[in-house]
Amino acid sequence: MEQRLHTERILSRAGSLRWDAGRDFHDDLVESIYTDAARIADRAVTREGERGRFDLDRTIDRFVTSRWLGFPLMLLMLTVVFWLTIEGANYPSAMLTTLLVDTIHPALKGGAAAIGMWSWLDGLLIDGIYLAMAWVISVMLPPMAIFFPLFTLLEDFGYLPRVAFNLDGLFRRAGAHGKQALTMAMGFGCNAAAIVSTRVIDSPRERLIAIITNNFSLCNGRWPTQILVATIFIGGLVPAHLAGLVSAASVVAVAVTGILLAFVVSWALSRTVLRGEASAFSLELPPYRPPQILRTVYTSVIDRTLIVLWRAVIFAIPAGAVIWLSSNITVGQASLAEHFIDFTGPFGAIIGLNGVILLAYVIAIPANEIIIPTILMLTVMSVGTPELGAGAGVMFELDSEADTARILASGGWTLLTAVNLMLFSLVHNPCSTTIYTIYKETRSAKWTTVSALLPVAMGFLLCFLVAIVWRALS
């Protein structure tokens with residue numbers, strides 16, 4: 001950094017020098033070079049008998065790039081960003097849910113009844129399509145509107161290049177690029193946005209590795225599932241005063257598992273189908289500087305949040321339609337959804353899940369944000385307690401965690417089901433928005449298919465192994 005600024009300063013001075021018959025231009029240029037060199041030396045070198053000058057950037061770097069403190073500080077920073085995102089999103093998310101689900105949805109139903117709309121069209125458009133879009137907006141918008149500005153502020157401040165510096169060695173051993181650390185961190189906000197951010201990686205091979213493995217970063221659409229399941233099943237194992245801490249620790253453990261899987265899969269890909277040497281990574285650590293908050297917020301909201309949200313809403317439309325149709329079209333005495341649940345139930349039991357979860361992840365591919373409402377709706381339908389829900393094909397959530405736990409328990413959920421759901425939520429196919437973005441960035445149907453199916457296969461295998469060990473120890 002110093003050298004680049006030094007060169008720019010020399011060229012600036014050289015351009016402003018005027019011809020002086022009594023003074024050689026070369027002498028002026030040399031004098032400028034030596035002046036800047038002396039200034040840099042005064043800052044960098046401590047002479048004998050002198051007290052070292054204080055340098056704020058260098059002092060901060062001693063901590064954030066330290067071999068011993070760098071990684072704990074990264075984990076702490078990541079935890080703080082997650083906490084601010086989750087806690088900060090709770091209130092606006094609840095407000096949007098109240099507005100879109102509790103207020104507008106009944107109003108639309110009343111309007112449809114007033115004009116005599118056919119019941120099937122009412123259900124398809126309002127209970128299916130509209131509710132899917134409403135859940136996506138209420139669950140997805142608040143955390144993205146918080147996470148992306150925080151992420152960009154850390155980038156503008158100069159901390160994220162230090163993260164890449166710290167993780168460069170690990171990614172290099174995995175045959176990947178050090179900048180994958182930045183795209184991986186971006187994935188915790190939204191995997192689709194992170195796929196776009198892989199453009200910072202110049203090597204096509206290493207960029208492809210970053211794209212394929214980015215799904216192992218828990219996006220904001222999967223956090224609500226992780227937190228709810230951890231709170232009900234894992235937090236319930238300990239005394240009340242420890243429940244919150246234990247639940248949070250289990251969610252962080254799942255996120256760290258995703259990071260480890262990203263390293264393992266990157267290593268495997270770089271030594272098989274994407275074999276090659278890690279490219280040279282010359283990273284310039286920029287000086288720390290105060291972020292431009294207003295510009296950062298505007299850029300994050302317009303360029304990332306709203307664009308990604310719009311794509312998610314578009315993909316939520318067919319998801320809502322499929323959810324309602326599969327729950328209301330009957331064959332024999334059961335709906336299509338019930339037939340699928342019964343058919344996949346034995347396989348789900350083998351891997352520690354159930355048919356309801358498998359169906360929810362099939363029809364909720366467009367948006368992870370609707371997983372919990374879909375699971376609750378399918379559960380009350382499959383166990384024959386429709387009075388606990390809002391109707392066939394109508395997604396819902398409950399304010400009470402105890403009521404939610406009772407519904408899940410009625411569906412045969414156990415601690416193994418909860419643990420494997422958390423793992424499968426981490427390791428499963430990307431959402432439709434991410435899959436579409438992968439295709440746009442790679443222009444390859446083959447690598448898009450690999451990116452979509454590889455995590456599913458790994459998720460089934462991981463859940464199967466956990467189920468085997470669990471039952472062996474029980």
Side-chain angles (χ1 to χ4, degrees), residues 65 67 70-71 74-75 78 160-219 253-285 423-424 426-431 434-465:
T65 62
R67 178 177 299 180
F71 284 94
M74 282 193 302
L75 186 60
L78 189 64
L160 289 187
R162 272 77 181 177
V163 172
F165 174 82
N166 290 338
L167 294 176
D168 178 50
L170 294 177
F171 279 107
R172 186 178 298 276
R173 293 188 185 95
H177 198 284
K179 289 182 181 178
Q180 188 174 331
L182 304 180
T183 64
M184 180 178 67
M186 174 69 79
F188 286 109
C190 177
N191 296 131
I195 298 302
V196 176
S197 73
T198 60
R199 295 173 183 174
V200 302
I201 301 175
D202 296 325
S203 165
R205 181 189 71 86
E206 292 167 335
R207 185 184 178 211
L208 192 55
I209 291 176
I211 289 174
I212 294 173
T213 59
N214 192 263
N215 190 56
F216 299 122
S217 295
L218 273 177
C219 66
V254 171
V256 172
T257 300
I259 295 174
L260 295 177
L261 287 175
F263 281 116
V264 171
V265 176
S266 296
W267 179 86
L269 289 173
S270 67
R271 281 157 179 78
T272 53
V273 293
L274 293 174
R275 186 180 293 107
E277 294 293 330
S279 61
F281 179 28
S282 178
L283 177 65
E284 177 185 345
L285 296 181
L423 292 175
F424 193 69
L426 169 70
V427 191
H428 75 284
N429 54 275
C431 69
T434 303
I435 294 174
Y436 173 72
T437 306
I438 291 173
Y439 179 75
K440 283 193 64 178
E441 294 297 316
T442 63
R443 294 297 178 185
S444 169
K446 180 183 76 171
W447 290 116
T448 302
T449 303
V450 170
S451 301
L453 296 184
L454 177 62
V456 179
M458 291 180 59
F460 285 150
L461 178 60
L462 182 61
C463 289
F464 177 67
L465 295 176

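Summarising the geometry, atom CG belonging to L261 is positioned 5.0 Å from atom CE belonging to M458; distances are rounded to the nearest 0.5 Å. A distance of 6.0 Å separates CG in L182 from CG in L160, rounded to the nearest 0.5 Å.
Here the shortest heavy-atom pairing between P455 and V427 reads O-CG1, 3.2 Å. A pairwise comparison of heavy atoms in N215 and N429 identifies ND2-C, 4.1 Å as the closest pair. Nearest heavy-atom pair, I211 versus I195, reported as atom, atom and distance to 0.1 Å: O-CD1, 3.6 Å. Scanning both residues, G178 and D168, for their nearest heavy atoms gives CA-OD1, 3.4 Å. In terms of heavy atoms, I438 sits closest to S451 at CD1-CB, 3.7 Å. Minimum interatomic distance between T65 and R162 (heavy atoms only, all atoms of both residues): CG2-CG, 3.6 Å.
Paired with V200 under the rule side-chain contact (heavy atoms from CB on, under 4.5 Å), one option of K179, R207, M186 passes, and it is K179.
By the 4.5 Å heavy-atom criterion applied to side chains, I209 and F171 are not counted as neighbours. Side-chain contact between H177 and D202: absent, with no pair of heavy atoms (C-beta onward) separated by less than 4.5 Å.
Using a distance-only test at 3.5 Å, with no hydrogens or angles considered, a donor-acceptor pair links the side chain of N214 to the main chain of T183. Judged by distance alone, the side chain of T434 and the main-chain N or O of P430 form no donor-acceptor pair under 3.5 Å. Remark: the backbone N or O of S270 is not paired with any side-chain donor or acceptor of R275 at under 3.5 angstrom.
Between F460 and F424, the two ring planes are parallel [angle under 30°; tilted spans 30° to 60°].
In this structure, R173 places its CZ atom where only 12 or fewer heavy-atom neighbours from other residues, nucleotides or ligands lie under 6.0 Å away. Under a cut-off of 6.0 angstrom, the local environment of CH2 in W267 is sparse, with at most 12 non-hydrogen atoms contributed by other residues, nucleotides or ligands.
Checked against side chain to side chain donor-acceptor pair (under 3.5 Å), S266 has the following partners two or more places apart in sequence or in another chain: Q180. Every residue was checked against the ring-ring contact (aromatic ring centres under 6.0 Å, His included) condition with F216, not counting sequence neighbours, and none meets it.
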(message) Run N191 and S217 through side chain to side chain contact (heavy atoms under 4.5 Å, CB included) and show every step you take.
(response) CA-CA 7 Å; N191 296 131; S217 295; 4.1 Å; yes
